[in-house]
Structures are given as C-alpha cells and as structure tokens.
Amino acid sequence: MIEGMSLADWCTRYPLIETLMALEETSWFNPAIAPTAEALADVGLTATDVDDASARLARFAPYIARVFPETRTAAGLIESPLVAAPRLQQALAERAGGPLPGALWLKLDSHLPIAGSIKARGGIHEVLKHAEDLALSHGLLQAGDDYAQLDGEAERALFGQHRIAVGSTGNLGLSIGIMSARLGFATTVHMSADARQWKKDLLRAHGVEVVEYAADYSVAVAEGRRRAEADPRCHFVDDEHSTSLFLGYAVAAERLKRQLDEAGVMVDAEHPLFVYLPCGVGGGPGGVAFGLKLAFGDAVHCLFAEPTHSPCMLLGVYTGRHDALSVQDFGIDNHTAADGLAVGRPSGFVGRAMQRLIDGYYTVSDEELFRLLALLEQHEGLRLEPSALAGVPGMARVLAERQGYRDRLGLSGTRLARATHLVWATGGSLVPDAEMDGYLARGRRLLQADAL
Ligand SMILES: *Cc1c(COP(=O)(O)O)cnc(C)c1O
C-alpha cells in the first residue's frame, strides 16, 4: 500500500505513473493552469515581498562588492548573462528532424558569481536576511547605513556566535556555506550521498563543517533540521519551506525583464515567453516562476524539468498529493548524475503554491543530459553541469506536444513563430576541469554512438 492505496489502483487512477516507473522520458501539460491574476493568490506572497527581497539585495550590494571582488563590475549585484543560442537551436532542430520556430535563449545562472549556480540567488538572500536581522537587533546596523561596514570585526564577532545550517545535494550548501562563512558565521552543511566530492572539499576549504550522509537529500535535511532545533543560536535554512529562499529566487524576474528589454526581445500575448526550469525540491524554479508570473503575467509559460530517476514534483502535482508521496514509494530510485535535481520528495509549499501557475512538467534521462552537455559545448562553447541541461529539451517538447495544451492556450501560428524559449541554465562554472572533461567525454561518446 502507498498512502492508503494499492499500486494497481494508483496506476489505474493516474496512468502516467507507469511511465514514470518505467523511467521513460515523458511530458505532462497541466490541465489546471489558471489565469495569472487569479492563481497568484495561491502563493500567499506578493509583489511587495519580492520588492523587499530586491531592496535587501540592493542594500547589501556595497558589502558584496567589497568582499567578493568579482562582483565589482556589477556594483555588488549577483546577476548572470542572458545570451541567444542560435547554433544550439539549429543543432536541436536537426535532432528533432524539423524546424523549431521561435528563438532559443539561455539564462546563464551557471555563471552567477560566488556560487556558480542558481543557488546564489535564494541561498545568499536568506543568509543576508539573517545577518541583517541579527545586526539590526544587536544595534550594529541602523537603517540607511552603508552595509560594507558589516565586514568589520564587531560584526564578524557577533555572527561568529551564531550558526547557519542547511541540508543539500551540493549547490545550496555551496552558496550558503561560502556566504555565511564569509560573514563570519559558524556554518554546517549536511550533504546527501549524491553530493560531489569537490563540493565538499571546496566548502571545507572555506572553513565550513560538512556532515556527510550515505542517504539521500530528504535524510540529510531531516537530520540537519533536527540538530539545528536543539541549538537556539542556529538558523536552519529550510529548502522545503523557506519563503526567504523563494523570494531571493523571485528577484531574478525583474532583472531578466530588463535584460530582455535591452536585447530588444518583446514579451506579450503575441510574443509569448516559454521558460524551462530544472527542478529539484522546487524552491529555485518555483521562486523564479513566481517572479516571472508577477513580471509577465499570462505572457510567460513556465515548465519544470526533472530527471527520469527523480520526477518528484511531477508526481506530486500530477496526483495532487505533493509531499505526501516520494518517488521511492513507487520504486523509482532517485539515483541521477544530475546531483542538483536528486530529490525524491518535492517541497509541498512550492507544489501547492504554484500548482495553477506552471504550464507543464517533463522528464529527461541522464544519458540525454550528457548528450546535451556535449552538444552545448560543441555549438555554443558553454560548459554546464548535468542538472543545468534539463531545460534544453523543453522547446522541442512544447513544439511536439499533442495533448491539446497549445490549442487550449492559443499558442499556435504567428505566436509560436514570434515566441522566445528561455532555458534556465542553472549551474556549472565552478565544476573543476577534470570533472568537466569526464562529463564531456561521456556526452561525446553517447553522441558518437547515436551517429553510428
Ligand atoms: C538546486 C538546483 C536546481 C533546482 O533547484 P531546487 O530549488 O532544488 O528545485 C537546478 N539546477 C541546479 C544546478 C541546482 O543546483
């Protein structure tokens, strides 16, 4: 029995579960999506909350510029480039066996400063918020101060009496660990078995305590949370429930809007924007999608991408049971080379908050992630980690869709020809060369085998 129902009954009621259990790639377009104006209320957060997070990041910009010199050209804002990917689009069209109308773009969170992944948005925002709250309540900071002064001895001494802890498959740990250690916090990262050795090594080099688990992400989080609860001076960053993380991610949208404007890319009902977001527990893609819906309303169409071995958000939203179910309940192993997405149970908060705002969900095999990794390097000269490739198949999936989704939303003809398809490339610039060479070799081997 799984949550009170036999496996046979689950499969009868929810036929897609058999496809998920067979680890076959699949796409599911959400029949319950609703007009943005109506569904945004589900989230329980507002544009004002996102503006607050954005203003906080602006207040901290002088501090960030001071302690992370690589952010100085952007005046301490942690932001990533937006680039067109016409050569990759051409290569994908050849593989799809027909034209892919519209224009393919990449949002390179892989190249975000400090943490080299999308986690530099939410993770760093939550650490900064905690530091700000502490400094204000201890009288070390007043409204209107230059936050660069937080890089002072008294401030570091205060933060040193406090601990920040987090459970992670790797990248969240990196962003939280690097940021909080730099501020002076004692920091503990609880790492799941999927976490890459180099990520643990890098954190330890920053003075972060790394606790390793033989089990998956959910266990690392539960144990981290349990230990943190016993320590009143420990702030646990709760990836599954945190609104501070979620809002840090959401700030990306207003900045993307500016970048699209500068690039001359129109977004409106006649020029739809499709955005493909790799999904682990859901906070990153959920927060970004929330911001996108606030910024672009019904003109933006967000889709989440997961590995075939870890389709937790698809399972949760499709069945409406959210975090009551894990992929392991159905014998799906949650073993994937996409370590950033190796999550077996989704965030119930994100699944419920966003269930009428996300157009669709699809899965990608590990082999395909490696092929796309090699293909992107070959055609655009960009190197990403496996998780970050999950958005790439989205454009072809939407254009090949036959479930009535595009018809239902009037997404056809000239609208499709004028559409922008944006792949959120979520990580990779910190991957060591030797590790990246291994990824590329694996991808190239798979592509060569296909060509035979
Ligand atoms: C964490 C991560 C994601 C997904 O974010 P979630 O908040 O876990 O859904 C996607 N890509 C990369 C590279 C990540 O590290």
Side-chain angles (χ1 to χ4, degrees), residues 80 106-112 114-126 166-178 189 191-192 194-196 199 216-218 220-221 237-250 252 275-291 302-307 310-314 316-317 323 334 336-351 353-354 358 361 364 369 372-373 383-392 394 423-431 435-436 439:
S80 72
L106 301 170
K107 179 65 174 153
L108 294 180
D109 275 13
S110 48
H111 292 68
L112 278 172
I114 304 173
S117 84
I118 188 171
K119 304 300 191 310
R121 299 185 183 278
I124 288 179
H125 175 257
E126 175 146 354
V166 65
S168 173
T169 64
N171 285 341
L172 185 62
L174 273 188
S175 100
I176 302 274
I178 293 172
V189 176
M191 285 277 205
S192 64
D194 321 274
R196 310 295 303 169
K199 292 181 182 177
D216 87 347
Y217 166 84
S218 299
V221 171
V237 177
D238 191 330
D239 201 9
E240 292 167 330
H241 305 98
S242 168
T243 53
S244 170
L245 266 182
F246 189 82
L247 292 168
Y249 290 118
V275 182
Y276 306 102
L277 294 148
C279 179
V281 72
V288 170
F290 175 58
C302 299
L303 289 95
F304 284 6
E306 295 178 294
S310 311
C312 68
M313 188 61 80
L314 169 46
V317 176
D323 52 348
N334 190 30
T336 169
D339 51 315
L341 313 179
V343 176
R345 189 185 300 275
S347 160
F349 155 58
V350 173
M354 301 300 292
I358 304 304
Y361 303 78
V364 190
L369 293 175
L372 295 169
L373 191 149
R383 295 172 166 222
L384 304 184
E385 62 186 273
S387 297
L389 278 304
V392 175
V423 169
W424 214 280
T426 46
S429 62
L430 293 190
V431 176
E435 185 105 353
M436 184 57 75
Y439 291 157

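Counting starts at 1 for both ligands and their atoms, in listed order. Residue numbers count from 1 along this sequence.
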| query | Listed by chain and number, what are the side chain to side chain donor-acceptor pair (under 3.5 Å) partners of Ser347, not counting sequence neighbours? | reply | none
| field | Under the ring pair (Phe, Tyr, Trp, His ring centres under 6.0 Å) test, residues paired with Tyr249 that sit two or more places apart | value | none
| query | What residues form a ring pair (Phe, Tyr, Trp, His ring centres under 6.0 Å) with Phe246, not counting sequence neighbours? | reply | Phe290, Phe349
| message | Assess whether a salt bridge exists between Lys119 and Asp109, defined as any Lys/Arg side-chain N lying under 4.0 Å from an Asp/Glu carboxylate O. | response | no
Write none if no such pair exists; otherwise list each N/O atom of ligand 1 with its protein N/O partner under 3.5 Å and the distance.
from     : atom 1 : to     : atom 2 : distance (Å)
ligand 1 : 7 (O)  : Gly283 : N      : 3.3
ligand 1 : 7 (O)  : Gly284 : N      : 2.7
ligand 1 : 8 (O)  : Val281 : N      : 3.0
ligand 1 : 9 (O)  : Gly280 : N      : 2.7
ligand 1 : 9 (O)  : Val281 : N      : 3.2
ligand 1 : 9 (O)  : Gly282 : N      : 2.7
ligand 1 : 11 (N) : Thr426 : OG1    : 2.7
ligand 1 : 15 (O) : Lys119 : NZ     : 2.7
ligand 1 : 15 (O) : Asn171 : ND2    : 2.7

| query | Is there a donor-acceptor pair closer than 3.5 Å between any side-chain N or O of Thr426 and the backbone N or O of Ser117? | reply | no
| query | So Glu385 and Lys199, salt bridge (charged side-chain N to carboxylate O under 4.0 Å, His left out) or not? Walk me through it. | reply | CA-CA 13 Å; Glu385 62 186 273; Lys199 292 181 182 177; 3.3 Å; yes
